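Below you'll find the structure, written out as structure tokens, and then a few comments.
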2 protein chains.
Amino acid sequence: MNRSRITFTLNELVYVLNSTADRLLRANFELTYSQFLFLVTLMSQDKPTPSYLAECLGVSRAAVSQRLSWFQERNLVRVSRVSGNEKNLSLELTRKGELLATQSADFLEKEFRILFDGGSSVDLEKLDKTLTQVKTQLIKKMESRNAA
Amino acid sequence: MNRSRITFTLNELVYVLNSTADRLLRANFELTYSQFLFLVTLMSQDKPTPSYLAECLGVSRAAVSQRLSWFQERNLVRVSRVSGNEKNLSLELTRKGELLATQSADFLEKEFRILFDGGSSVDLEKLDKTLTQVKTQLIKKMESRNAA
DNA sequence: ACTAGTTTGTCAAGTAGTTAACATTAGCCT
DNA sequence: AGGCTAATGTTAACTACTTGACAAACTAGT
């Protein structure tokens, strides 16, 4: 019972958070949450390629490949080849894409601060640490089980 | 930054949990995690209808309608009409479906206990309470904002 | 009793992901 | 240099959802 309860609670909480973000982004930036993640993930990378972006987003290379044209058409992402490297595509945000990513991230940050902070009796900093701890612990356990 | 970190952490943790469950269920019961959820959710209900099941699973009625035949073909779920009620379908697990749901749930419970418990320095009971608190607080906040 | 509105289940069309297979390119190694 | 191996990006076919429209069946109000 213990296990089920906490995994269900986690799923429910994530659902609330993500769908709230999605609603806010659609209403204010005509962007879905997953499009938002695509942009901010791209922005946070140094010399991004589709393959690495896929890994960071936790999706397949095929998924990134299929979505790229959407961002190109809207002039949010520029796809190019670096001379001397015929294998990798090079991705970068356009100025417009960068602006959209920055503004929407700031907006979302602000909105969530309002939702989270007011009269919050929960230490979010600490909660984050605890969750990270649980995650790494799980992963370590799984590895040691698989090795055996 | 605060907001982003914790929502990302939550998403990552949920991903680890759900994909672990999926892997275990596929390997041992030839069941995906979402098929598992379908069965256990159905089992936990009193007089289930497709519409109510959809609500509990957090998906559309259409999604449930489309998936039902899969469970019927494998003799896991029985779909019928209760006389005097032409509107609602009545769902119930077959004996085979009930067995599968029970056994896979027990199995998953046991596996997760191993992953969670050993040397865990985290009080999961308390963590669950905290998460629930955050969730309800968020929902309440959102309602009061929308009302204004 | 009837009409107006609501709920239910299903279908069609669209979306966003998956895996598998493929050609191409890059790196290695001997 | 040549040849194996691995990685990249794209495509095709599939899956599991979505929304919107719909007919059929219930529920109320008067």
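Residue numbers begin at 1 in each chain, while the letters A, B, ... track the order of the sequences. Computed from a predicted structure; not experimentally measured.
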* Distance, rounded to the nearest Å, where B:L57 contributes CG and C:dG9 contributes P -> 14 Å
* To do: Indicate yes or no: does B:R26 engage B:D22 in a salt bridge with an N to O separation below 4.0 Å.
  => yes
* **Pair A:E109 + A:R113, salt bridge at N-O below 4.0 Å** => yes
* Structure fact -> Whole-Å distance, B:L68 CG to D:dT15 P, equals 17 Å
* Asked: Rounded to the Å, how far apart are A:Q35 CD and C:dT15 C1'?
  -> 11 Å
* Indicate the ring-plane relationship of A:F36 and A:Y33, choosing parallel, tilted or perpendicular according to the 30° and 60° boundaries. => parallel
* To do: Could you work out which one of D:dC26, C:dT19, D:dG9 sits closest to the side chain of B:E86?
  => D:dC26
* To do: Determine the sole option in A:R61, A:R67, A:Q45 for which the side-chain contact (heavy atoms from CB on, under 4.5 Å) test with A:L53 is passed.
  => A:Q45
* Structure fact -> From the candidates D:dT18, C:dG9, D:dT11, the one with an atom nearest any side-chain atom of B:L89 is C:dG9
* To do: Tell me which nucleotide among C:dC11, C:dA26, D:dG9 gets nearest to the side chain of B:A62.
  => C:dC11
* Structure fact -> Per nearest nucleotide of DNA chain C, the residue lying toward the 5' end, B:P50 or B:Q66, is B:P50
* **Euclidean distance, atom CG of residue A:L53 to atom P of C:dG17 [Å, nearest integer]** => 11 Å
* **N/O donor-acceptor pair, side chain B:K87 with base C:dT7, under 3.5 angstrom** => yes
* Structure fact -> Quick note, A:S51 side chain, CB onward, closest among D:dC26, D:dG9, C:dG9 is D:dG9
* Which comes earlier along DNA chain D counting from the 5' end, the contact point of A:R61 or that of B:T32, where each point is its nearest nucleotide? -> A:R61
* Parallel, tilted or perpendicular: rings of B:F29 and B:F107 (30°, 60°) -> perpendicular
* **Spacing of B:R67 atom CZ relative to C:dG9 atom P, expressed in whole Å** => 16 Å
* Asked: With respect to the phosphate group of C:dT10, does any side-chain polar atom (N or O) of B:S65 fall under 4.0 Å of OP1 or OP2?
  -> yes
* Rounded distance (Å) that lies between atom C1' of C:dG9 and atom CG of B:N85 -> 12 Å
* Report the distance from atom CZ of B:R23 to atom C1' of C:dT18, rounded to the nearest whole Å. => 18 Å
* To do: May I ask you to verify if any side-chain N or O of A:S60 is less than 4.0 angstrom from the OP1 or OP2 atom of C:dG17?
  => no
* **Side chain of A:N88 (C-beta onward), nearest among C:dT10, D:dT8, C:dG17** => D:dT8
* To do: Calculate the interatomic distance between B:F36 atom CZ and D:dA16 atom P; express it in whole Å.
  => 17 Å
